[in-house]
Trainee: 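Below is a structure I'd like to ask you about.
Order of the sequence lines sets the chain letters (A, B, ...), proteins ahead of strands, with each chain counted from 1.
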Number of protein chains: 2
Amino acid sequence: MERRAYIPQETARRLSLYLRMLRRLRQEKVRIVSSDQIRRFLNVSSVQFRKDLSYFGEFGKRGVGYDVELLAKEIGKILGTDVLHEIILVGVGRLGSALLEYPGFLEFNLKISEAFDRNTRKVGKVCGGVRIRHMRALRQVIKKRNLRIAVLSVPVEFAQEVAEELVSCGIKAILNFAPVNLVLEGDVFVSNADMASELESLVYKLKQKNNNYSLTKKRSIVI
Amino acid sequence: MERRAYIPQETARRLSLYLRMLRRLRQEKVRIVSSDQIRRFLNVSSVQFRKDLSYFGEFGKRGVGYDVELLAKEIGKILGTDVLHEIILVGVGRLGSALLEYPGFLEFNLKISEAFDRNTRKVGKVCGGVRIRHMRALRQVIKKRNLRIAVLSVPVEFAQEVAEELVSCGIKAILNFAPVNLVLEGDVFVSNADMASELESLVYKLKQKNNNYSLTKKRSIVI
DNA sequence: TATAGATTGTTAATTGTTTCACAAGTATAC
DNA sequence: GTATACTTGTGAAACAATTAACAATCTATA
């Protein structure tokens with residue numbers, strides 16, 4: 001097959017779910033897994049799983065299944081988790097400090113290695129193993145360490161301006177926790193972790209169900 | 001047009017973004033807005049916006065635009081934010097307490113009105129205006145207050161069992177912050193707020209861009 | 001009251017994603 | 001060795017979502 005002509009966005013999103021599942025299986029000493037087992041664990045159809053993998057190569061053995069160890073390694077390579085990625089976090093409020101202590105990032109070889117806040121009372125303190133710096137140091141640190149990815153957890157009213165500053169410092173990807181759509185110039189990827197909107201979607205679905213309106217299926221995931 | 005034959009999932013997701021934008025405009029005393037202005041604010045094409053609304057009715061005036069006040073009210077009705085929805089939160093760890101204090105939920109008329117934890121040292125304390133109860137009280141409170149929606153922020157190793165308990169108590173929608181896919185029986189909506197996976201997707205996109213592989217567009221807002 | 005410019009609402013075409021159907025390969029039992 | 005039961009990989013079909021194209025309608029103005 002002609003690989004990588006283009007990869008469906010949705011496929012890319014699912015790869016990290018696969019990887020996490022495989023890692024868990026590996027931990028439990030499972031050696032072989034079939035696409036049908038994956039379906040049961042992840043609510044992704046077995047064909048979907050196989051099709052997703054097919055964009056990158058052939059990793060299974062017909063009649064048998066997939067070698068957990070091997071497949072985890074391959075997906076890791078595809079996603080780039082074989083290399084440690086250093087991230088910065090801007091805004092060490094309640095959410096920000098929760099994120100600094102969040103253990104889940106390591107799973108994908110992601111590490112928040114710098115944190116910034118403009119509150120001088122927070123500066124110098126250590127949270128999640130990271131010493132908080134003042135916003136003034138932002139540009140210098142980003143440039144010096146050549147960082148590309150930022151988590152933005154400042155109050156909503158500052159999100160836009162801080163995001164612009166991040167971009168001007170060379171940041172190329174932002175995970176935004178502020179409930180606002182960032183409008184940015186240049187080639188920056190922005191992903192919104194919009195908790196309120198996510199919850200609202202659930203409320204809406206419940207309402208629809210009760211009213212017997214129908215939604216198309218697909219996706220239940222997400223931020 | 002035959003309204004509401006079915007509503008695209010994505011349309012439902014976008015409605016809350018529209019509502020937030022409209023509220024902000026209303027606050028700024030803007031009376032009229034065109035779909036083209038919305039495009040500039042939200043990175044959603046003007047046709048997309050109009051198409052989305054068209055599933056529910058005709059809310060604009062040709063040659064003019066949309067009445068901000070009126071449209072906000074209509075979308076609010078569609079989404080169900082005209083009524084207060086009470087939510088419970090389970091797991092008052094670092095992330096849980098950040099969520100309890102998160103002001104963004106009110107925007108959609110959502111209120112975390114009960115919080116539970118199994119750590120007796122936390123029980124009785126007040127966080128974000130909510131007194132934390134012991135997990136033992138879970139069933140009784142849910143039944144008594146007839147609650148339907150839960151935010152799950154317990155450690156990943158307990159997520160599955162707690163989720164099952166929630167469902168057995170009558171919960172119909174769960175916003176899950178644990179990095180695991182919940183497998184649940186019955187008609188429950190689960191939405192995963194998967195921060196690590198979200199960040200991982202950004203890393204992947206950056207990598208693709210540098211390698212000049214192409215992804216299809218859509219979602220996740222590339223500016 | 002006719003005309004120009006603006007903007008919505010909608011059908012049709014296009015693009016993107018999932019699912020179907022099945023060929024091809026592997027393991028096991030006899 | 002052959003039959004049987006699995007399981008993967010994939011082209012084609014079906015389905016879903018977005019975008020293009022344009023008719024309908026409104027406002028302002030001469």
Trainee: Could you list by number each residue of residues 21-29 of chain B showing a heavy-atom separation from DNA chain D of less than 4.0 Å, or answer none if no residue does?
Mentor: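 Nothing qualifies; none.
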Trainee: Give the residues of residues 38-51 of chain A touching DNA chain C, defined as any heavy atom closer than 4.0 Å, sorted by residue number.
Mentor: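 Of all residues in residues 38-51 of chain A, the ones placing a heavy atom under 4.0 Å from DNA chain C are A:S45, A:V47, A:Q48, A:K51.
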Trainee: Is there a donor-acceptor pair closer than 3.5 Å between any side-chain N or O of B:R14 and the backbone N or O of B:D52?
Mentor: no
Trainee: Taking the axis from the first five pairs and the axis from the last five, what angle separates them in the helix from C:dT1-D:dA30 to C:dC30-D:dG1, rounded to 10 degrees?
Mentor: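 The two end axes of the helix from C:dT1-D:dA30 to C:dC30-D:dG1 meet at 10°.
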Trainee: Report the nucleotide, chosen from D:dA17, C:dT8, C:dT17, that has the shortest atom-to-atom distance to any side-chain atom of B:Y66.
Mentor: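 The listed nucleotide nearest to B:Y66's side chain is C:dT8.
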Trainee: Just wondering, more than 12 heavy atoms not from A:R26 lying within 6.0 Å of its CZ?
Mentor: yes
Trainee: Return the nearest nucleotide to the side chain of A:E10; candidates are C:dT18, D:dT10, D:dT18.
Mentor: C:dT18
Trainee: My understanding is that only residues two or more places apart in sequence, or in another chain, count here; which of them pass ring-ring contact (aromatic ring centres under 6.0 Å, His included) with A:F108?
Mentor: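 Checked A:F108 against ring-ring contact (aromatic ring centres under 6.0 Å, His included); zero matches.
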Trainee: Can you list everything that forms a side chain to side chain contact (heavy atoms under 4.5 Å, CB included) with A:K111? Sequence neighbours excluded, please.
Mentor: A:L84, A:S113
Trainee: For B:F177, which residues count as a ring-ring contact (aromatic ring centres under 6.0 Å, His included) partner, sequence neighbours excluded?
Mentor: none
Trainee: If a protein heavy atom is under 4.0 Å from the base, mark B; if only from the sugar-phosphate, S; if neither, -; do that for nucleotides 25-30 of chain C going 5' to 3'.
Mentor: BSS---
Trainee: Run the ring-ring contact (aromatic ring centres under 6.0 Å, His included) test against B:F105 and tell me which residues pass, sequence neighbours left out.
Mentor: B:Y102
Trainee: With sequence neighbours left out, write down each residue that passes salt bridge (Lys or Arg N to Asp or Glu O under 4.0 Å) with A:E114, or none if nothing qualifies.
Mentor: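 A:E114: salt bridge (Lys or Arg N to Asp or Glu O under 4.0 Å) contacts with A:R133, A:R145.
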Trainee: Return the set of residues passing salt bridge (Lys or Arg N to Asp or Glu O under 4.0 Å) with A:K77 (not counting sequence neighbours), or none when no residue passes.
Mentor: A:E74
Trainee: For B:S35, answer base if it contacts any base atom (sugar-phosphate contacts may also be present), sugar-phosphate if it contacts only those atoms, and nothing otherwise; contact means non-hydrogen atoms under 4.0 Å.
Mentor: sugar-phosphate
Trainee: Using ring-ring contact (aromatic ring centres under 6.0 Å, His included) as the criterion, list what pairs up with B:F116, not counting sequence neighbours.
Mentor: none
Trainee: Please list each protein N or O that sits under 3.5 Å from an N or O in nucleotides 13-15 of chain D, with the distance.
Mentor:
none

Trainee: So, OP1 or OP2 of D:dA17: does either fall under 4.0 Å of a side-chain N or O from B:Y6?
Mentor: yes
Trainee: With under 30° as parallel and over 60° as perpendicular, where do the rings of B:Y204 and A:F56 fit, or are they tilted in between?
Mentor: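 The arrangement is perpendicular - the two ring planes meet at more than 60°.
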Trainee: Decide if the gap between the ring center of B:F49 and the ring center of B:F41 is smaller than 6.0 angstrom.
Mentor: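 No; B:F41 has its ring centre 6.0 Å or more from that of B:F49.
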